[in-house]
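If you're wondering where the values come from, they're calculated on a predicted model, not measured in any experiment.
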Amino acid sequence: MSLLDKLSESFFGPAGRGGERAFVDAAMAASALVATADGEVSFAERSRLDDLLTKVEPLASFDVHEAADLFRVYAETIRADPADGRAQALKAVRPFRGDPDAARRLLRIACVMGRAGGAYSQPGMSEIRRLAETLGQSDPSAGDPGGGDLDLDEIVPGVPGAGAAAPRQERRPTVVTVGNFKGGTGKSTTAVHLAIGLMARGHRVGCLDLDGRQATLSHYLANRRATREAGRGDLPMPRLARVEPAAAREREAAEAEERARLEAGFAALADCDFVILDTPGSEGHLSALGHGRADTLITPLNDSFFDIDALARIDRRRRAVLGPSRYAEMVAAQNERRVAGGRAPLDWLVMRNRLSQLDARNTRDMAGLLDQLAERMGFRLQPGLSERVVYRELFFSGLTLLDLPAGEDEARANPSRRNARQEIQDLLDVVALGRAAGAARFAAAR
């Protein structure tokens, strides 16, 4: 059984190869074929996928995050091996060749995805023709079966003979936890830039500050609010909930209190698309709870041998890995609970911040060790933030690099700032697109 088959079965259940459930699988495969035709999945295509998953029956009858995960796995498989990936996607579509009504609906979904950017691209149209041939439908280039202004609610009124649709599940935010047991790795800076960047892409974003004592994220956003009130009224503000550590002294009572406070924080942000959690730079029950709620975990790591022990115990003389750190063991334990509860494994990104004083040999040695750890622990390596004074300066005004001017004149005057802004955009792309692929690697590594 292929990875895609396993994921489809885990998302939709053992009976997921028939009726409406197989239709969702086929719709995600068809959408991924068209969305990846130009290479990268665009923001417009991601937004259109959200529309399809929340407005169109029977797609809207299933958990939106699980269906989106399936789309992302198809997309990542196609990008990694185009020939094999397309073959697997067409395999999911092919059973509907004998059902003309369902075949037309699948083709219309593909056309709606193909027009996400306002007009068909040539590669996208080629994939739609390939789908039409597979489904036994006429060439859509003779007419637009998707319709330029087609009402999404009318695309898939139902799949004949599939029975009643499953009850629609409540949509929940995607949770991105920024965590590390070490302080000074840029967790709060990363959290704020993620929040503002996701808002700039049209998402509703909330922040949960679990570091009640340090409260760096809360202070950052308070500075931002003060700057906005002082005349920068164009600054977007994410919603903020702060979770204080428990006051109770007995362990069981304290843990119950922290669980209740965390749930209250999530309840206050339940209508958000993303919730960004900033965790303490130390071990504790509240930090573990925050990691357990993550769909995506981002662990910022300073690129030095002093900081790599956040992930593993290292023999620095031999440059060898001795075993996992307490932090890595905690992440593994939280992921065990997550999977046991029926949820997909988390997507773990280790964000490798670059320090300017590292010499070339240390950089190579760090890269080798991190590659070993990534394979053994199941995380993905993501280029992080370069060491720049601007990050520290921005804190006092609550601004991010995304709030600063970005025109050609500014880019010529501040090439370092332009590169830093691109680092943030790259991280946003990974958070938006890579969760399912990373989760699959995490599961395979265990």
Side-chain angles (χ1 to χ4, degrees), residues 2-36 41-78 85 88-93 95-96 102 105-114 116 131 152-153 155-159 162-175 203 273-274 295-296 338-339 342-347 431-440 443:
S2 71
L3 172 60
L4 287 167
D5 290 334
K6 291 178 181 177
L7 284 171
S8 180
E9 182 170 309
S10 69
F11 290 162
F12 301 139
R17 308 309 301 179
E20 291 177 348
R21 297 176 177 184
F23 185 88
V24 176
D25 189 356
M28 294 302 96
S31 298
L33 276 169
V34 176
T36 56
V41 180
S42 70
F43 175 65
E45 287 164 337
R46 292 194 298 269
S47 298
R48 183 50 53 89
L49 180 69
D50 285 342
D51 288 337
L52 289 167
L53 293 178
T54 56
K55 296 179 181 178
V56 174
E57 294 294 340
L59 306 184
S61 298
F62 295 92
D63 183 278
V64 64
H65 296 285
E66 293 179 346
D69 278 349
L70 190 56
F71 167 85
R72 293 184 184 108
V73 173
Y74 273 117
E76 288 291 333
T77 303
I78 292 168
Q88 292 192 55
L90 291 172
K91 179 182 176 182
V93 170
F96 291 91
R105 292 175 189 126
L106 283 171
L107 194 56
R108 294 177 81 191
I109 286 174
C111 289
V112 168
M113 180 64 75
L131 282 166
L152 290 173
D153 293 323
I155 297 175
V156 190
V159 179
R168 182 169 178 171
Q169 298 185 29
E170 182 180 356
R171 184 173 182 176
R172 64 175 183 83
T174 295
V175 179
H203 297 290
D273 300 315
F274 285 86
D295 295 307
T296 295
R338 178 185 177 90
V339 174
R343 299 175 66 191
L346 63 81
D347 178 21
V431 168
L433 298 176
R435 181 161 70 92

Inset, instruction - First locate atom CD of Q88, then atom NZ of K91, and finally report the distance between them rounded to the nearest 0.5 Å. - result: 7.5 Å
Inset, instruction - Go through the steps for D25 and Y74 under the test side chain to side chain contact (heavy atoms under 4.5 Å, CB included), then give the verdict. - result: CA-CA 10 Å; D25 189 356; Y74 273 117; 2.7 Å; yes
Inset, instruction - Drop me the distance from T174's OG1 to D69's CG, to the nearest 0.5 angstrom. - result: 8.5 Å
Could you pull out every donor-acceptor pair under 3.5 Å between side chains of residues 27-34 and any protein atom, sequence neighbours left out?
| residue | atom | partner | partner atom | Å |
| --- | --- | --- | --- | --- |
| S31 | OG | A27 | O | 2.8 |

Inset, instruction - Could you tell me which residues satisfy side-chain contact (heavy atoms from CB on, under 4.5 Å) with A35, sequence neighbours excluded, listed by chain and number? - result: V41, E45, F71, M113
Legend entry - Closest contact, heavy atoms only, A89 versus I78: CB-CD1, 4.5 Å
Legend entry - Rounded distance [0.5 Å steps], CG in L107 versus CZ in F96: 14.0 Å
Inset, instruction - Identify the two heavy atoms, one from A92 and one from P95, that lie closest to each other, and give their separation to 0.1 Å. - result: O-CD, 3.4 Å
